[in-house]
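Right, one structure below, let's go through it.
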Number of protein chains: 2
Amino acid sequence: MVDRRGDGDEGVTTTSKPPAESPVDVRERARAIPEAAVARLAVYLRVLSGMAEQGVTTISSEELAGAAGVNSAKLRKDLSYIGSYGTRGVGYDVEVLVSHIERILGLTRKHSVAVVGIGNLGHALANYGGFPSRGFPVAALFDIDPDLTGVPVGGIPVDHIDDITTVCAEREVSIGVIATPPQAAQAVCDRLVSAGVQCILNFAPVVLQVPDYVEVRKVDLAVEMQILSFHVARRADEAAGDVVNGVGVDGVVIRP
Amino acid sequence: MVDRRGDGDEGVTTTSKPPAESPVDVRERARAIPEAAVARLAVYLRVLSGMAEQGVTTISSEELAGAAGVNSAKLRKDLSYIGSYGTRGVGYDVEVLVSHIERILGLTRKHSVAVVGIGNLGHALANYGGFPSRGFPVAALFDIDPDLTGVPVGGIPVDHIDDITTVCAEREVSIGVIATPPQAAQAVCDRLVSAGVQCILNFAPVVLQVPDYVEVRKVDLAVEMQILSFHVARRADEAAGDVVNGVGVDGVVIRP
DNA sequence: CCGACTTTGTGCACACGTTCACAAGCGGTA
DNA sequence: TACCGCTTGTGAACGTGTGCACAAAGTCGG
Ligand SMILES: NC(=O)c1ccc[n+]([C@@H]2O[C@H](COP(=O)([O-])OP(=O)(O)OC[C@H]3O[C@@H](n4cnc5c(N)ncnc54)[C@H](O)[C@@H]3O)[C@@H](O)[C@H]2O)c1
Ligand SMILES: NC(=O)c1ccc[n+]([C@@H]2O[C@H](COP(=O)([O-])OP(=O)(O)OC[C@H]3O[C@@H](n4cnc5c(N)ncnc54)[C@H](O)[C@@H]3O)[C@@H](O)[C@H]2O)c1
């Protein structure tokens, strides 16, 4: 029912600093936000933006939780990580919440995106309107294929992978998206890193090796499907086992 | 050892007949595997498959962990959830491990996939070779656009969304992928569910409402980017570090 | 100004997941 | 056979995340 996070292992050397923190500054608080909560904050933000467009000005934790698919206690705890911006007895001001979540997620700055590998997936990403509209303008496209360089895709001309360093610097790219074949992914990753890109979203089904200061997130669709498959199998086993025992889920006797 | 598997294996054949086995068998164990571990098992499987192709027959937890980007203790614990198939002092037999992970993930059965919404993303998915090769044949494509119906994409002709029930039944679709615009996603989801599909992978940035017995996973790229953005911001705050007189970034007063 | 009602924010207990550390077990060697 | 070095498998400690339940804090009608 509720979806779970992909994973989020690797890298992220969160140096645990347990000394007594008396001055509660922003970075300490930011560090304290659980990774899982950050992911949900992004979802709340999307829902809230939709609400704002529909003219909603105030929303309760119960309503927002329903719309975001989480329970309300969790939602309130998540929001408490970023401060106390609600009004008891009333709820949250939508605009206020939006701006605070945006601040915490660092969306007050523009994050230019570069897509590397303009094949099937790269084309889709370059044409996708959902990135620019949410604060992530696609500023550069790269491919190794000479036939592609110069051709505009989604309004942006494709550059050759060899120009990655200069182009990324020029256009202040802060997020790199890897959509090349798996074999090329690590090499592309290395070039992105030497070009100064510190955030990478990887679609290739490989584990990337990066320095500690680089943040990598991966999207592996086959893994997603296998997780679904696992649940199908589990459910099938359950059904089979229950029939054999003559007892259904919840202990309901099927065939007395 | 949590449980003794003295039997000579069996496979997940539908005729599961527990002779004198403990009431809690395979399904109980399957249920006990943490969700996070399932995701990693899928990654191990991919790495192991690659190893097998390269002729590797045996691998230690240390090596496999390195290749999968996790620490070796976690890897061993993950593997212990599915049984004890290693040899102390030696490591794991690659082929054996592959087959056991496949069994646990339910990959011994074929899981036909239907993609709904053959736009930018849908085209990329339909053309993607990574699904069939990993046991997820794309068996059906759907769109609402009459101009698309009948046109083959990636070798499969697009059907009209109205035929979803019959086509899904015919081709035994078990996984539905939603790649339509957000506004259409819930409606498409409902139709998939009534067509009997119990697993859904959703690319549209909306929270889907489904019955309890349906498993949904979502892939939201904007959320991924916002998580990256959060880490950039956190890092920037750390670097810019010094909180001057209780005033942090953006002029937020830290200590009122 | 008060009291009834609503909703937030959070302390706490619990569940889940990760990591450590080491005994148990295996292959190789003398 | 007895020993040795290596690697697995896992109990137990630990850390993180979740959900409950309720006091605190606000609104609103009178
Ligand atoms: N197509 C999908 O729907 C899909 C889904 C999930 C994952 N993926 C993964 O995404 C990646 C791309 O998939 P695709 O279907 O778009 O592949 P594709 O073959 O259509 O495109 C790959 C592109 O990368 C370019 N390229 C190759 N080597 C390069 C290099 N060294 N530097 C820069 N560009 C290079 C190629 O010229 C090509 O244009 C693959 O790793 C694939 O496994 C794709
Ligand atoms: N393109 C990307 O790279 C990308 C990335 C992330 C998320 N997404 C999301 O994926 C979805 C699809 O994106 P896209 O770029 O492919 O959009 P698109 O507009 O190119 O394609 C959407 C397709 O869905 C079809 N469609 C519309 N309503 C339908 C219905 N009721 N039933 C069946 N088909 C219907 C349309 O005919 C069209 O072919 C969107 O929700 C988008 O937010 C896309």
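The shown structure was predicted, so the numbers you read here are calculated from the model rather than taken from an experiment. Only heavy atoms go into these numbers, but all of them, side chains included; no hydrogens, no water, no symmetry mates. Every chain is numbered from 1 and lettered A, B, ... according to where its sequence line falls, protein lines coming before strand lines.
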Provide, to the nearest angstrom, the distance between the [atom1] atom belonging to [X] and the [atom2] atom belonging to [N].
X: B:Leu97; N: D:dG9; atom1: CG; atom2: C1'; result: 14 Å
X: A:Tyr81; N: D:dT16; atom1: OH; atom2: P; result: 11 Å
X: B:Leu79; N: C:dG17; atom1: CG; atom2: C1'; result: 16 Å
X: A:Leu41; N: D:dG17; atom1: CG; atom2: C1'; result: 14 Å
X: A:Lys74; N: D:dT16; atom1: NZ; atom2: P; result: 18 Å
X: B:Asn71; N: D:dC14; atom1: CG; atom2: C1'; result: 14 Å
X: B:Leu75; N: D:dG9; atom1: CG; atom2: P; result: 10 Å
X: A:Ile59; N: C:dT6; atom1: CD1; atom2: C1'; result: 16 Å

Can you confirm whether the side chains of [X] and [Y] place a donor and an acceptor under 3.5 Å from each other?
X: A:Gln226; Y: B:His111; result: no
X: B:Arg76; Y: B:Ser61; result: yes
X: B:Glu63; Y: B:Ser60; result: yes
X: B:His100; Y: B:Glu95; result: no

### Query
A:Thr87 or B:Gly89: which one's nearest nucleotide on DNA chain C is closer to the 5' end?
A:Thr87

## Note on the structure
Regarding the side chain of B:Ala73, the nearest nucleotide among C:dC20, D:dG9, D:dT8 is C:dC20

### Nearest listed nucleotide, side chain of A:Glu35, among D:dG17, C:dG9, D:dT10
D:dG17

### Query
Does the side chain of B:Tyr92 get closer than 4.0 angstrom to OP1 or OP2 of D:dG9 through an N or O atom?
yes

### Query
If you pin A:Val90 and A:Arg76 to their nearest nucleotides in DNA chain D, which one's is more 5'?
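Comparing both residues, the 5'-ward one is A:Arg76.
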
### Query
Rounded to the nearest 0.5 Å, what separation is found between the CD1 atom of A:Ile101 and the CZ atom of A:Arg46?
12.0 Å

#### Entry: Donor-acceptor pair under 3.5 Å, A:Lys77 side chain vs D:dG17 base
no

### Query
With a 3.5 Å cut-off and just heavy-atom distances, do the side chain of A:Arg88 and the base of C:dT7 make a donor-acceptor pair?
no

